[in-house]
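Down below is the structure, laid out as structure tokens.
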Amino acid sequence: MSLNKHEMAALVARDIEAGSFVNLGIGQPTLVADHLPADAGIVLHTENGMLNMGPAATGDQIDPDLINAGKVPVTELPGSAYFHHADSFAMMRGGHLDVCVLGAFQVSARGDLANWHTGEPDAIPAVGGAMDLAVGAKSVYVMMTLFTKDGTPKLVPDCTYPLTGLRCVNRVYTDLATFVITPEGVRVRETFGISFDELSARLPIPLLSGDSVPAR
């Protein structure tokens, strides 16, 4: 079975090292906050000016003045801090974040990222802080479905959409497989409801098999 978005978020959370400073992008990546171990000491940063953000707020926890960059109500953890937008971007650009988790329209086999515009005339561009995160974070994880609704691959030889960053993506987490972008190529780390051979047949890029990935 393929993974749903919550299962994908749990996989990403599993791979974030304890004590990391992490930014979660708008959309599905924000779900990662709900799967982080409470005792891991992971500090979440949101570009609208907050450190030590907690999971999404529900019920009586909701405060309309306490939101993440995607305008989703969130909670605060002990030691939370608030600061100016400019200071937040200085943290992003200054290499102070260990990991950022972003959504994407496309990722190339080299790790190029396209996640702010499809190039369609009626599409609304929404780059936000993605360019700053893509070049400023020490590791960039992408969380996305592997194919569009019409079956078009989103892991491609070259991005055809406007680029956010060049050679910046380290890992890609999808509903059908997780991938590691290496100097040797794209390595399949795990598959879900699909074999390595089936995956290779559907994607337009060469794939390297991890030790734990079955061929059939």
Side-chain angles (χ1 to χ4, degrees), residues 1-16 22-36 47 56 68-70 72 97 99-120 123-135 137 139-182 185-194 196 198-200 202-205 207-208 210 213:
M1 296 290 292
S2 61
L3 302 183
N4 61 41
K5 59 186 180 181
H6 297 283
E7 292 168 328
M8 291 163 57
L11 280 183
V12 177
R14 178 195 68 183
D15 287 343
I16 297 175
V22 181
N23 181 286
L24 303 178
I26 293 171
Q28 291 188 4
T30 61
L31 298 175
V32 174
D34 299 333
H35 298 275
L36 294 171
E47 65 200 59
N68 63 20
V72 175
L97 295 176
V99 178
C100 73
V101 185
L102 299 171
F105 295 128
Q106 291 177 328
V107 175
S108 81
R110 294 182 299 274
D112 302 331
L113 173 66
N115 80 339
W116 69 279
H117 194 22
T118 62
E120 295 296 326
I124 300 174
V127 68
M131 288 189 292
D132 306 88
L133 290 166
V135 299
S139 294
V140 177
Y141 298 169
V142 163
M143 180 179 165
M144 66 180 188
T145 56
L146 187 53
F147 299 94
T148 63
K149 292 180 179 179
D150 66 4
T152 303
K154 295 162 75 172
L155 190 55
V156 294
D158 297 285
C159 294
T160 56
Y161 294 149
L163 290 178
T164 306
L166 291 170
R167 299 179 182 269
C168 56
V169 177
N170 303 100
R171 299 181 187 177
V172 181
Y173 297 79
T174 77
D175 51 336
L176 294 173
T178 59
F179 305 88
V180 180
I181 309 295
T182 75
V186 179
R187 185 171 299 279
V188 181
R189 186 175 166 198
E190 299 172 273
T191 59
F192 312 103
I194 190 172
F196 178 84
E198 291 169 330
L199 201 60
S200 296
R202 293 187 63 185
L203 290 176
I205 59 172
L207 296 175
L208 305 173
V213 178

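Residues take their numbers from the sequence shown, with the count starting at 1.
Between M8 and L11 the shortest side-chain heavy-atom distance does not fall below 4.5 Å. V99 has its side chain out of reach of V12: every pair of non-hydrogen atoms, C-beta onward, lies at least 4.5 Å apart.
Remark: the backbone N or O of F196 is paired with a side-chain donor or acceptor of S200 at under 3.5 angstrom. Put simply, the side chain of Q28 never gets that close to the backbone of M143: no donor and acceptor are under 3.5 Å apart. The closest donor-acceptor contact from the side chain of D112 to the backbone of R167 lies under 3.5 Å. Between the Q106 side chain and the T160 main chain, a donor and an acceptor come within less than 3.5 Å of each other. In terms of modelled atom types and a separation under 3.5 Å, the side chain of N170 and the main chain of Y141 share no donor-acceptor contact.
Between the CD1 atom in I194 and the CG atom in D175 there is a gap of 9.5 Å [rounded to 0.5 Å]. One finds the CG atom of L133 at 4.5 Å from the CG atom of N23 (value rounded to the nearest 0.5 Å). Considering CD of E7 and NE2 of H35, their distance stands at 9.0 Å, rounded to 0.5 Å. Taking CG of L199 as the reference point, atom CZ of F179 lies at 4.5 Å (rounded to 0.5 Å). To the nearest 0.5 Å, atom OG1 of residue T164 and atom CZ of residue F105 are 8.5 Å apart. In this structure, R189 CZ and Y173 OH are separated by 5.0 Å, a value rounded to the nearest 0.5 Å.
Nearest heavy-atom pair, V107 versus M144, reported as atom, atom and distance to 0.1 Å: CG2-CE, 4.2 Å. In this structure, L113 and A134 approach most closely via the heavy-atom pair CD2-CB, 4.2 Å. Nearest heavy atom pair, residue F192 against residue A177, reads CD1-N, 3.6 Å. Residues L102 and G25 come closest through the heavy atom pair CD2-CA, 4.2 Å. Minimum heavy-atom separation, A33 to L24: N-CD1, 3.5 Å. The minimum heavy-atom distance linking P29 with I26 is given by the pair CD-O, 3.6 Å.
Remark: R202 engages no residue in a salt bridge (charged side-chain N to carboxylate O under 4.0 Å, His left out) (not counting sequence neighbours).
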Quiz: residues 149-158 side-chain donor-acceptor pairs under 3.5 angstrom, not counting sequence neighbours:
from : atom 1 : to   : atom 2 : distance (Å)
D150 : OD1    : T148 : OG1    : 2.4
D150 : OD1    : T152 : N      : 3.1
D150 : OD1    : T152 : OG1    : 2.8
K154 : NZ     : T145 : O      : 3.4
K154 : NZ     : T145 : OG1    : 3.0
D158 : OD1    : R110 : NH1    : 2.9
D158 : OD1    : R110 : NH2    : 2.7

For a side chain to side chain contact (heavy atoms under 4.5 Å, CB included) check, start with the C-alpha distance between V32 and I16, then their side-chain angles and the critical distance, and finish with the verdict. CA-CA 10 Å; V32 174; I16 297 175; 4.1 Å; yes

